[in-house]
Amino acid sequence: MARANDEAAALVQELADLLSITGGDAFKIRAYEKAARAIAGYPDDISALSPNDLKKIPSIGGAIAKKLEDYNQTGTIRQVEELRTQIPAGVRRLTTIPTLGPKKALAVYEELGISSIDELAAAIREGRLRGLKGFGAKTEDNILRGIELMESTGERVLIDAAADLADEIVAALSPLAERCAFAGSLRRMRETIGDVDVLAASRDPRPIMEAFKALPYVSEVIGGGDKKTSVRTTRGLQVDLRVVPPESWGAALQYFTGSQAHNVRTREIAVRAGLKLSEYGLFDAGTNDLIVSETEEQVYDRLGLPWIAPPLREDQGEIEAALDGSLPALVTVDDLKGDLHSHTDLTDGTASLEEMVRAASARGLSYYAITDHAPNLFMQRMTDEKMLAQRERIRALQAEYPGLTLLHGAELNIDPDGEVDWDVGFLSGFDICVASVHSHFTQTPEEMTRRFVRACENPHVHVIGHPMARLIGRRSPVDADWDEVFRCAARTGTAMEIDSFPDRLDLPSDLIRRARRLGVKFAIDTDAHAVGHHRNIRYGVGTAQRGWLTPDDVINTWPLDRLRAFLAKPTP
DNA sequence: GCCGTTTTCGGCCCGACTGTTTTCAGTCG
């Protein structure tokens with residue numbers, strides 16, 4: 001995604017947030033929020049658009065187009081700057097605490113002058129919120145729990161923020177280096193990233209280091225020499241750049257990709273073979289002669305191992321599997337033939353049916369499911385009539401896409417008892433149904449387990465969407481006896497979703513491995529709400545790889561006829 | 001502020017849940 005779109009979207013979203021704190025018109029605020037999503041999800045660079053073209057973007061009218069024009073010319077939006085002088089940034093940060101919205105944030109700011117999360121936590125502990133209208137013991141409790149949840153992710157960022165930054169840095173430095181790539185936890189596709197590691201190969205590090213320090217989004221140079229420079233970006237993320245001689249590339253990439261536990265294991269193997277492995281290469285321990293270092297493949301090969309894909313490098317059994325030749329042939333983005341979960345502007349998506357289908361076609365998919373929300377998620381205002389009308393539009397649109405089979409589906413809501421929207425008659429009209437938990441997140445594990453089991457036993461539920469319903473850093477996963485749920489999913493032929501949204505990545509990789517061992521099949525979906533969300537598929541696939549999945553484990557790598565047979569579900 | 005097979009004004013994302021109240025405000029999806 002173009003950086004301008006993200007920055008402009010963030011400014012418009014900030015405008016919405018600030019207005020909600022100052023008590024602006026609710027409809028206006030929603031209009032800004034919708035516009036922010038539209039900008040972020042817009043496929044082309046908005047900084048290249050004229051005011052007239054800006055207005056053609058859905059949800060962007062004259063007023064917001066003018067603000068975007070302001071952004072294109074000045075790099076900011078005047079009204080945002082003005083509101084910032086009234087509401088400190090810390091107050092807006094307060095609204096990111098779960099259960100604390102704009103009204104309560106304004107109250108603690110105006111009554112007690114609190115404008116940071118730390119101050120708020122201290123004030124609660126000192127009992128200074130007592131007596132404040134609308135704040136009771138439970139509220140205090142919830143705020144403290146929310147702060148704790150946020151702090152548990154620490155300074156780490158979601159994978160898409162790190163990946164976008166790393167891609168940009170690699171693109172900027174590549175012309176100056178013989179090779180350039182990101183390594184570290186990002187290359188291993190961990191779900192959150194603490195700092196970004198970039199590796200470059202060159203005989204002349206200095207120009208690369210200088211270019212790196214001069215990047216526009218670098219706010220602070222933390223330190224640096226000839227081999228390594230560390231900076232902090234304007235968004236607070238630390239980036240380490242290491243430059244190595246070209247002949248050390250493979251060993252360096254292996255070393256800086258980690259994980260540390262994986263590296264300990266590979267170095268042990270080297271030692272036992274009379275070798276020494278470092279970031280500079282694989283050496284003879286006796287003579288110190290360099291043996292190999294140019295590619296990762298050479299390094300692993302000389303250690304008697306096949307190349308191990310980075311997402312597996314966690315010392316979670318990959319060394320043993322490599323030694324006995326049982327490493328999985330991991331699923332890749334190219335293996336995917338379809339996407340089974342997507343939304344349009346009929347519910348909370350920002351793109352039309354036609355735009356979403358065009359994007360799916362551009363991905364080279366051979367089947368694509370439209371799965372808008374079902375009526376029990378009341379805010380979406382879904383009706384039988386709307387769903388049936390959408391089906392007609394899909395059937396008509398199909399004629400334009402001979403190579404792409406369009407499936408009509410829905411994302412059903414699993415209610416507290418495990419029931420879903422609509423009766424059997426209506427459900428049987430869909431090609432595919434995803435079913436997800438969207439409410440009652442705090443049931444007991446027993447209730448939650450029963451709920452999922454009942455959903456899996458429903459012959460019209462094919463995929464359990466984002467099963468843990470977590471939002472990384474914002475909402476804890478729901479609690480269930482997952483082994484029990486997975487056994488039921490395997491028995492009933494219900495797939496578990498791997499939702500590719502960077503703040504979901506759900507199922508997470510550890511549970512994917514558990515589920516796979518119990519015979520579960522998976523669907524790697526984008527859950528796209530905008531054209532641009534299709535790009536998130538790389539994170540879902542990365543998570544699947546961390547879960548050791550092969551194409552055979554993933555139903556949307558299968559040819560359509562095999563998928564359809566799966567969707568028929570076995571009769572109990 | 002956006003939008004239009006209800007077309008330049010009037011509707012739009014409303015109902016459930018929680019925690020605070022004692023009839024409802026705030027938050028969330």
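Quick caveat: nothing in here was measured; it's all calculated off a predicted structure. Proteins get letters first, then strands, A, B, ... in listed order; numbering begins at 1 in each.
Between F27(A) atom CZ and dC9(B) atom C1' there is a gap of 14 Å when expressed in whole angstrom units. When rounded to the nearest whole Å, the span between CG of L100(A) and C1' of dT18(B) equals 14 Å. Atom-to-atom, CG of N376(A) to C1' of dC14(B) comes out at 14 Å; the value is rounded to the nearest Å. In this structure, R504(A) atom CZ and dG29(B) atom C1' are separated by 10 Å, rounded to whole Å. Rounded to an integer number of Å, the gap from NE2 of H438(A) to C1' of dC17(B) is 17 Å. With rounding to whole Å, L68(A) atom CG is found 13 Å from dG1(B) atom C1'. Counting to the nearest Å, the P atom of dG26(B) and the CD1 atom of I143(A) are 14 Å from each other. Distance K66(A) NZ to dG1(B) C1': 14 Å, rounded to the nearest Å.
Side-chain contact between T371(A) and F430(A) is absent, with no heavy atoms from C-beta onward closer than 4.5 Å.
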One pair to check against ring pair (Phe, Tyr, Trp, His ring centres under 6.0 Å): H534(A) and Y368(A). What are the steps and the verdict?
CA-CA 12 Å; H534(A) 285 107; Y368(A) 186 62; 5.7 Å; yes
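Nucleotides dT18(B) and dT7(B) have their C1' atoms positioned 41 Å apart, rounded to a whole Å. The same atom, P, is picked in dC12(B) and in dC17(B); the two are 23 Å apart, to the nearest Å. Atom name P, nucleotides dC24(B) and dC13(B): the rounded distance is 25 Å, in whole Å. Comparing dC3(B) with dT8(B), their P atoms are spaced 16 Å from each other, to the whole Å. Between dT20(B) and dC14(B), the distance separating the two P atoms is 27 Å to the nearest Å. Comparing dT6(B) with dG11(B), their C1' atoms are spaced 10 Å from each other, to the whole Å. dT22(B) and dG26(B) have their P atoms separated by 14 Å, with the value rounded to a whole Å.
Each of E446(A), Q443(A), E419(A) was checked for a side-chain hydrogen bond (donor to acceptor under 3.5 Å, both in side chains) with R451(A), and the lone residue meeting it is Q443(A).
Ring pair W482(A)/F452(A) is tilted by interplanar angle, where 30° to 60° counts as tilted.
No donor-acceptor contact under 3.5 angstrom links the side chains of D481(A) and T449(A), judged on distance only. Using modelled atom types, one finds a donor on one side chain and an acceptor on the other under 3.5 Å when comparing D348(A) with H529(A).
In this structure, R504(A) fails the cation-pi test against Y539(A), since its NZ or CZ atom is not both closer than 6.0 Å to the six-membered ring centre and inside 45 degrees of the ring normal.
Picking from dC12(B), dT20(B), dT27(B) the nucleotide with the shortest atom distance to the side chain of R381(A) gives dC12(B). Side-chain proximity of L471(A) to dC2(B), dG29(B), dT20(B): nearest is dG29(B).
Residue R475(A) has a polar side-chain atom (N or O) positioned under 4.0 Å from OP1 or OP2 of dG29(B). Close to dT20(B), at under 4.0 Å from its OP1 or OP2, lies a side-chain N or O of T139(A).
Residue-level contact check: N142(A) touches the backbone only, with heavy atoms under 4.0 Å from sugar-phosphate atoms and none from bases. Heavy atoms of A137(A) sit under 4.0 angstrom from primed sugar atoms or phosphate atoms, though from no base atom.
Comparing G136(A) and A31(A), the nucleotide of DNA chain B nearest to each residue sits closer to the 5' end for A31(A). Residue I57(A) is the one, among I57(A) and R30(A), whose nearest nucleotide of DNA chain B lies closer to the 5' end (criterion: closest heavy atom).
Heavy atoms only, all atoms of each residue included: D525(A) and V463(A) are closest at OD2-CG1, 4.4 Å. Scanning both residues, A410(A) and W422(A), for their nearest heavy atoms gives CB-CZ3, 4.0 Å.
Nucleotide dT8(B) is matched to nothing when pairs are restricted to Watson-Crick or G-U wobble geometry with both distances under 3.5 angstrom.
Applying a 4.0 Å cut-off to non-hydrogen atoms, the residues of residues 103-112 of chain A that approach DNA chain B are K103(A), K104(A), listed by residue number.
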